[in-house]
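Shown next, in structure tokens, is the structure this report addresses.
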Amino acid sequence: MPDGTLPTTNLLPLSALPAVPSLPIVGAVPWLHHREGFMAKMLELAERYRHVGAIRVPMPGGREPIFVGNVSLAKDLCDEARFEKVLDGPLVHIRDFAGDGLFTAHGYEDNWHKANRILSPGFSSTSIERYYPAMTESLEALVAYWSARSGEGPVEVVADMTKLTLDTISLAGFDYRFSSFSSPELHPFLKALGRTLQESIDVLMRPPLVAPLFSRHRTRYFSDIDAMFALVDEVIRERKGRPRDTWPKDFLSLMLAEVDPKTGAGLSDENIRYQILTFLVAGHETTAGLLSFAFHELARNAELFTRERAEVDRGLPTTGMPTMKEVMSLDLTKRVLSEALRLWPTVPAVTRAAKEDTTLGGKYFVPKGQAFGLLVNATHRDPAVWPSPAAFDPDRFLPEVAKDRPAAAYKPFGVGKRACTGKHFALVEATLCLAVVVRDFDFDDPGPLVLAPTVSPKPRDFRLSVRPRRR
Ligand code: MNH
């Protein structure tokens, strides 16, 4: 029942919201196909129902999340007093391998609070400097690879950004060199990680009745998970066997050495394994996608590219890796990334649920526990807040332009206390890569941007002719 603070009359039930058509067993699945993937379909629906702001989407198995796609209703979902993150959709399955790591822990689990206290200081904007050498080392391999390949046709931007971000996060995370640019094939661990992530999404579209037909997928999935656990556990065991004064400055050392300021307890080995897999899962595709979108936009916009290169030429030395301070002084470069995350958020939705009976938009009654998808890809294009939303314009993020915008209008890193731990890490890594590549390479226009239907959106078939810059 609504509590005494809720208006008791004139509230509509959520069933009054528009719904995607559905059938028994398969839910709305037959209506959700889109060549650019599920999230592109949700964006299309959100734009069609922008005036309402929310749509019901019956899923196979009976779940019926409500997807919110305008800023007015997003303000409610971002209210931490009334809504919280819940594990719904793919997160339930990602938990099979990320366990009670930060990303897939329930908000009520002690291990979330403990790991949040232990790890947050190590991810603050001032702590990132210790991981900067891992970023420059991985980027040097990309730059060498692109330089050596010039004249051999275009590069595969998404694949190469994925290699870059995986190499960076595994080096900063647990001092492990996958050396992706000097290996002919992706490391088996990284292949297993890619397959497992894809399966955690695919399984959502499978009605329970047909699940037995996919038993081979499931067997593969669990053996991939076992293989990933084995590698990470071995890295942890190896580290613990070495004298502490020889430990590298990575996240693993931090996790093994630090204790919770509140309880004095450290993280268990099992939880550390989950945190490492969490950093790998949460910390590579998202940044790889961000960089890919930013390069796509720059390559299609000669005027913006010229401005961007002028900033980089002013702020960076002409060769070699810049310092972190030089990189973080590049304001336009940072705005290009902010704008790429607005137009092409690489986490296109987050899940929120009502903590108590409440209301949505002052109009609908929301029972405790009701799950919502907050469509960040749609709120980031709400014309009520963003003029000419489809245009790529980094100057939207100039402080004087941004100052009156509601906070709920821009959430590429999630909401409230469950927002991204790796935000500063990702932004330093991406700003460095964007700046150095713009400094050192010329590119051709790749043509229009189409999304690939992947877990985290990416530009589809993004091949780019890159040539070392002639000075
Ligand atoms: Mn990241 C949570 C976006 C890079 C580690 N991240 C989130 C959430 C979003 C997000 C959105 C909230 C998800 C949810 O509500 O369910 N993250 C990004 C984006 C980038 C990114 C757009 C890059 C661009 N994230 C990174 C990197 C790391 C990382 C890099 C690690 C080094 N992210 C996390 C962790 C969480 C998270 C850990 C979970 C935080 C928590 O719930 O306490």
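Atoms within a ligand are numbered from 1 in the order they appear, just like the ligands themselves. Everything numeric in this text was worked out from a predicted model, so none of it was measured.
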| task | Quick one: do R307 and D395 satisfy salt bridge (charged side-chain N to carboxylate O under 4.0 Å, His left out)? Show the steps, please. | result | CA-CA 12 Å; R307 270 177 75 197; D395 293 341; 3.2 Å; yes
| task | Might you work through the salt bridge (charged side-chain N to carboxylate O under 4.0 Å, His left out) test for R82 and E356, ending with a clear yes or no? | result | CA-CA 7 Å; R82 298 188 293 133; E356 297 297 337; over 6 Å; no
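Ligand-side atoms of ligand 1 in range of T346: 22 (C), range being under 4.0 angstrom from any heavy atom. Listed by number with element, the atoms of ligand 1 under 4.0 angstrom from any heavy atom of L290 are 24 (C). Here is the list of ligand 1 atoms found below 4.0 Å of a heavy atom in A419: 40 (C). Near F123, the atoms of ligand 1 lying under 4.0 angstrom from a non-hydrogen atom of the residue are 32 (C). Heavy-atom contacts of W112 reach the following atoms of ligand 1: 41 (C), 42 (O), 43 (O) (cutoff under 4.0 Å). Residue-ligand proximity, P412 to ligand 1, at heavy-atom distances under 4.0 Å covers atoms 3 (C), 11 (C), 22 (C).
The distance criterion of under 3.5 Å between nitrogen or oxygen atoms is not met by T287 with respect to ligand 1.
Nearest protein heavy-atom neighbour of atom 32 (C) of ligand 1: I169 CD1, 3.4 Å. Of the protein's non-hydrogen atoms, R418 O, 3.6 Å is the one closest to atom 12 (C) of ligand 1. Closest to atom 15 (O) of ligand 1 among all protein heavy atoms lies V350 CG1, 3.5 Å.
There is no side-chain donor-acceptor pair under 3.5 Å between R117 and H113. When only modelled atom types and interatomic distance are considered, R177 and S170 share no side-chain donor-acceptor pair under 3.5 Å.
Two residues are said to be in side-chain contact when any heavy atoms from C-beta on lie closer than 4.5 Å; P453 and F38 fail this criterion.
The existence of a salt bridge linking E199 and R195 is excluded, since no basic side-chain nitrogen approaches an acidic carboxylate oxygen closer than 4.0 Å. Salt bridge present: K240 and D269 bring a charged side-chain N and a carboxylate O closer than 4.0 Å. Ion pairing of D233 with R273 is present here, as a side-chain N (NZ or NE/NH1/NH2) and a carboxylate O approach within less than 4.0 Å.
Pairs of residues two or more places apart, or lying in two chains, that qualify as side-chain hydrogen bond (donor to acceptor under 3.5 Å, both in side chains) and include a residue from residues 277-289 are E285-K458.
If you check each of E429, Q275, E84, K85 against atom 14 (C) of ligand 1, the one with the closest non-hydrogen atom is K85.
The distance cut-off of 2.8 Å around atom 1 (Mn) of ligand 1 captures these protein N, O or S atoms, sorted by chain and number: C420 SG.
Seen from the ring of F397, R405 counts as a face-on cation partner, given the 6.0 Å and 45° thresholds.
Put simply, CG on L464 and CZ on F441 are 10.5 Å apart, with the number rounded to the nearest 0.5 Å.
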